[in-house]
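A note on names: the letters A, B, ... follow the listed sequences, proteins ahead of strands, and every chain is numbered from 1.
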Amino acid sequence: MTFSPDRPTMIEFRDVHKYYGDYHALRGINGTIRAGEFFSLLGPSGCGKTTLLRTIAGFEGIDNGAVLIDGKDMAKVPANARPTNMVFQSYAIFPHMSVAENVGFGLRRDPRSRTEKAAAVEEALEMVGLKGYGARAAHALSGGQRQRVALARALILKPKVLLLDEPLSALDKKMREHMQVELIKLQRQVGITFILVTHDQEEALVMSDRIAVMFEGQIAQLADPETLYRRPNGRKVADFIGTMNFIPCQILSETGGRIEVEAKGLGRVMLDEDQVPPARGEGEPVVGLRPETLTMLYPGQEPQERAVAGRIDEVIYFGDMTYYDVFIGGTDVEVRLSMRNVPGRPVLDVGTEVQLAWSPSALVLFR
Amino acid sequence: MNRAPGLKTYAVIYLLFLYGPILILPLFAFNDASIVAFPLAGFTTKWFAEMWADPNLWKALKNSLIIALSTATLSTVLGIFAARSSVRYKWPGKPVVMGFIMLPLVLPEMIVAMSLLIVLLGIGINLSIFTVIMGHVLMCTPFAVAILTSAFQSLDRSLEEAALDLGESAASTFRLIILPLVMPGILSSFLITFTISIDEFIVANFLGSGQPILSVYIFGQFRFPAKVPSMLALGTILVGVSVVLLAIAEYFRRRGIARTGGKDTGGFL
């Protein structure tokens, strides 16, 4: 991450509420998005992420609070006067126009001459890799090409903020991964603030400088991808981002910020302050452990920190990786771990007795 | 493909029943006899000449064209407003209001014509082709609304938002994006309402105040057996014109769909 945190604020949400009839869609959104940032709104469907994006664009009014863009309250600014442009989920390519007419649509009120505008259109098309496609009929393009036209059409106006509403969800996996990288490159090139709405946590992790994870109309956690992944601030976020093993535990003692727990199968562990997110009231206490922080030891290999015995219950082969579900410490607690399939490491069978190395610092406590 | 010979026979009989009588029209229009009966007596074009020479026909045709064009224009414009509003906006009482707009579809035409006549006479409005236009607009608007509602419904809402997002006003978005994309629906609506109006008889007869109007004129001519062959000649021309109009409309509709890359969901032809 090359992003520097001292950039100025581009968007600020101040206690934003939105109702659809009785339905409370946004429940007090606070937070800032910085200039030049690649920011993602991530959450399951119905969490309010698209609604929040649309309040920035001006397509949805808000019932309380304020949305500020570049320091200006947007309450009285209509969608067509905001310094934002949007790439729609359906791409919303105008089907009765050519590619060039689509891309140049936003320049209609631009005082520049016809030839200057044509040059700007050509430049925008080149930027998204569609040089020479201007004369084509928009409806004859493939999904990926439509997406690029939508991008060029939005970027040609040089907005302060580019809003992307699940832009990759309609593409197949290969194309999606390709476009993820292209979008990142494009964002670095133009330096515009990008705000992406997605329900795909992997996509958010790959692309974003920072991510706001949303559930039920609220931001559960706003952080950079690594913090979200390593130190989720609650069980819901931990469960939504990646895979997390939840192991029942008992809290033995609290001294200062440090907490000692007895985790089922793992034994006694001392947890540091940063491993204990402040969120409470999420049910019985558990410790969370990511699959890749567990390592299966070769016979005779010594663990660097701690180890636990286990028996393989399930083997899921992915080619480059194998996932194992393992019962640990002679208990009914099952954990999933992922091992890279390197030469010399055979894929083990169900029922094999193994030793798993783990590190107390990889644990997060949820209570 | 001979799994259901019964169905095939049924289809052929159905089409014969539907179009057989219409095929009789040109047959007797060119028949050199004043009674409509077999055997045919020989070929002639004199019925066309007789029809052509009748000044009342031209008056009726002119009135009917004025009525049908005005009706088609008015009901299509009203239909655009109603359909757009019902598809895109929420407002209190919408189901009731839309219900009342669509109601003339199922009301007996005779009742509508009678009540219109009573009301118009009651408030002292003179009957003319304008009152016929009013009646026809009332009857045709539901058809326009039905056709245009489906046209507006097939529009992706994001297209409008995209145009707004790119700096256009609501009015220019309507002109630049919505109107061109619903144009096939507008043409369909115009054509259908035009067709309904031009052959409508009851309202034309009740509210036309004896003005020559094509449908009323044809009905009147049938009282004289000697005029029947020339009316068949007129009918032949009307059928020909209808087919040509329909073909033109369908051509534009298909071209519109091909241009926007949409899926053809059925039309007139």
Side-chain angles (χ1 to χ4, degrees), chain A residues 20-21 50 53-54 56-60 77-98 101-110 124 136-142 146 149-159 161-167 170, chain B residues 80 84 87-95 148 150-189 249-265 267:
Chain A
Y20 292 110
T50 296
L53 191 80
R54 290 169 61 83
I56 304 173
F59 297 137
E60 303 284 351
V77 184
N80 56 8
R82 294 196 182 189
T84 61
N85 284 113
M86 181 122 139
V87 174
F88 291 84
Q89 188 169 13
S90 64
Y91 310 144
I93 302 296
F94 305 130
H96 56 307
M97 297 182 189
S98 71
E101 283 169 331
N102 263 284
V103 174
F105 188 82
L107 299 179
R108 265 177 29 89
R109 284 150 199 260
D110 193 306
R136 296 223 189 163
H139 65 80
L141 300 177
S142 72
R146 278 163 193 250
V149 172
L151 267 171
R153 185 176 70 179
L155 285 172
I156 200 169
L157 295 174
K158 303 198 165 40
V161 182
L162 184 73
L163 307 170
L164 302 124
D165 184 10
E166 307 233 16
Chain B
I80 290 173
R84 166 77 175 162
V87 170
R88 180 67 168 69
Y89 301 101
K90 280 184 188 160
W91 31 275
K94 184 160 92 175
L148 289 162
S150 78
F152 278 107
Q153 260 165 355
S154 65
L155 267 190
D156 179 2
R157 169 110 183 248
S158 314
L159 292 174
E160 273 173 61
E161 288 180 343
L164 274 181
D165 190 56
L166 294 165
E168 295 300 330
S169 65
S172 60
T173 297
F174 190 81
R175 187 166 53 83
L176 295 167
I177 305 298
I178 301 170
L179 212 51
L181 291 175
V182 296
M183 197 43 93
I186 292 175
L187 286 178
S188 290
S189 159
E250 182 65 13
Y251 167 76
F252 279 109
R253 195 188 67 85
R254 288 192 185 178
R255 202 181 64 160
I257 287 173
R259 219 156 41 113
T260 55
K263 280 207 189 78
D264 197 338
T265 50

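Asn80(A) places no side-chain N or O within donor-acceptor distance of the main-chain N or O of Leu164(B), the cut-off being under 3.5 Å. Asp165(B) places no side-chain N or O within donor-acceptor distance of the main-chain N or O of Ala79(A), the cut-off being under 3.5 Å.
For chain B, no part of Arg82(A) is nearby; none of its heavy atoms comes within less than 4.5 Å. With a 4.5 angstrom heavy-atom cutoff, Phe88(A) touches chain B only via side-chain atoms. Proximity to chain B is limited to the backbone of Ile93(A), based on heavy atoms less than 4.5 angstrom apart. For Thr173(B), no part lies under 4.5 angstrom from a heavy atom of chain A. Phe59(A) touches chain B through its side chain: at least one heavy atom from C-beta onward sits under 4.5 Å away, while N, CA, C and O do not.
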**Request:** Begin from the C-alpha positions of Leu176(B) and His96(A) and carry the test side chain to side chain contact (heavy atoms under 4.5 Å, CB included) through to its verdict.
**Result:** CA-CA 10 Å; Leu176(B) 295 167; His96(A) 56 307; 5.9 Å; no

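For the pair Ala162(B) and Ala92(A), the tightest heavy-atom approach, listed with the atom from each and the gap, is CB-CB, 3.9 Å. The two atoms that bring Phe94(A) and Leu159(B) nearest to each other are CE2-O, 3.4 Å, heavy atoms only.
With chain B as partner, the option from Arg54(A), Arg108(A), Met86(A) having the largest number of non-hydrogen pairs under 4.5 angstrom is Arg108(A).
In Lys158(A), the NZ atom is not crowded: 12 or fewer heavy atoms of neighbouring residues, nucleotides or ligands sit closer than 6.0 Å.
Leu166(B) contributes atom CG, which lies 11.0 Å from atom CZ of Arg109(A) (distance to the nearest 0.5 angstrom).
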